[in-house]
Amino acid sequence: MSTPVYVISGYLGSGKTTLINSILASAPPDLRIMVLVNEFGNISIDRRLIKADPLNIVDLSGGCVCCGMFLELMASLRFALDTLRADIILIEGTGLAIPQEIARQVLTPVFEGRLEFGGIITVVDAGSLLSEGSPLLWEQLEAANVIVLNKIDLIDADSLLEARRRLRLAARSAELILETSFGKVAY
């Protein structure tokens, strides 16, 4: 049986780490979930914020895993499979990551039959969606299988309608759009 890998993307402050904590808190306790945290800087802040057994978290700091840390990613995936025997692997990319590139690397023939692509989950701050025009944000949304529209409690009803409209235009291939506050979703 192959292990599903999910790539979690989204801008800095969108709620990626909070979403991961929500998933971990609601997952069955016997499920072994490995979290790979990619920080662009040399100091990993998110690793300290994730509420999981420290042995189930791998820190990939010092660059973006989508464009320069292939060997580190492969070693981390091997650890997740061979040592941890993970049931699920979550990869939290940097805010600047290109999620489809991370997915492409994960699906290397090295792990054929051992890993399967679970999907790309893109977290977006509802308020930022209304103000940001970054091409990378739209690229992350276009690549997403699942979108988590987060922090909806911080915008008014008209703004939420506009955010929904923009998401429908940007993420035509998304299979699911979840709306949440504080990244609260159930496993």
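- Linking ILVMFWY residues whenever their side-chain heavy atoms come closer than 4.5 Å, directly or via other members, leaves Leu154 and Leu160 in distinct clusters.
- Among all heavy-atom pairs drawn from Ala144 and Thr122, the shortest one is CB-OG1, 3.4 Å.
- Between the side chain of Ser159 and the main chain of Ile155, no donor-acceptor pair closer than 3.5 Å is present.
- For the pair Arg166 (side chain) and Leu129 (backbone), a donor-acceptor distance under 3.5 Å is present.
- Judged by distance alone, with hydrogens and angles left aside, the side-chain atoms of Ser9 form no donor-acceptor pair with the main-chain N or O of Pro99 at under 3.5 Å.
- In this structure, Arg32 contributes its side chain and Ile88 its backbone to no donor-acceptor pair below 3.5 Å.
- Taking both residues in full, the closest heavy atoms of Ser2 and Gly113 are given as CB-O, 3.5 Å, listed atom of the first, atom of the second, then distance.
- Thr108 places no side-chain N or O within 3.5 Å of a backbone atom of Gln105 that could act as its donor or acceptor partner.
- At a threshold of 4.5 Å between non-hydrogen side-chain atoms, the residues Leu77 and Phe111 count as touching.
- Side-chain contact between Ile121 and Asn145: absent, with no pair of heavy atoms (C-beta onward) separated by less than 4.5 Å.
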Inset, instruction - Apply salt bridge (charged side-chain N to carboxylate O under 4.0 Å, His left out) to the pair Arg114 and Asp82, showing each step before the final yes or no. - result: CA-CA 10 Å; Arg114 297 186 70 199; Asp82 296 341; 2.5 Å; yes
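- Residues Lys184 and Asp153 are not paired through a salt bridge, judged by the lack of any N-O separation under 4.0 Å between the basic side chain and the carboxylate.
- Considering every non-hydrogen atom in both Arg165 and Glu162, the closest pair reads NH2-OE2, 2.7 Å.
- In summary, the side chains of Thr17 and Glu92 do present a donor paired with an acceptor at a separation below 3.5 Å, with no hydrogens or angles considered.
- Hydrophobic clustering of Ile, Leu, Val, Met, Phe, Trp and Tyr side chains at less than 4.5 Å, counting indirect connections, unites Leu107 with Leu81.
- Judged by distance alone, the side chains of Thr18 and Asn21 never bring a donor and an acceptor atom under 3.5 Å apart.
- Side-chain contact between Val106 and Ile89 is absent, with no heavy-atom pair separated by less than 4.5 Å.
- What you find for Gly95 and Leu136 is that their closest heavy atoms are O-CD2, 4.0 Å.
- Two different hydrophobic clusters hold Ile177 and Leu161 under the rule that ILVMFWY side chains link at heavy-atom gaps under 4.5 Å.
- When side chains are defined from C-beta on, Val124 counts as touching Leu137, because their heavy atoms get closer than 4.5 Å.
- When the shell of 6.0 Å around CG of Leu12 is examined, it contains 12 or fewer heavy atoms from other residues, nucleotides or ligands.
- Here the side chains of Ile98 and Gln100 are in contact, with some heavy-atom distance below 4.5 Å.
- Checked for salt-bridge contact, Glu179 and Arg164 meet the test: a charged N lies under 4.0 Å from a carboxylate O.
- The two residues Ala126 and Lys151 come nearest to each other via the heavy atoms CB-O, 4.1 Å.
- Residues Ile91 and Leu73 meet the side-chain proximity criterion, which asks for heavy atoms closer than 4.5 Å.
- Between Leu149 and Leu167, the closest side-chain pair of non-hydrogen atoms falls below 4.5 Å.
- For the pair Asn150 and Ser181, the tightest heavy-atom approach, listed with the atom from each and the gap, is OD1-C, 3.7 Å.
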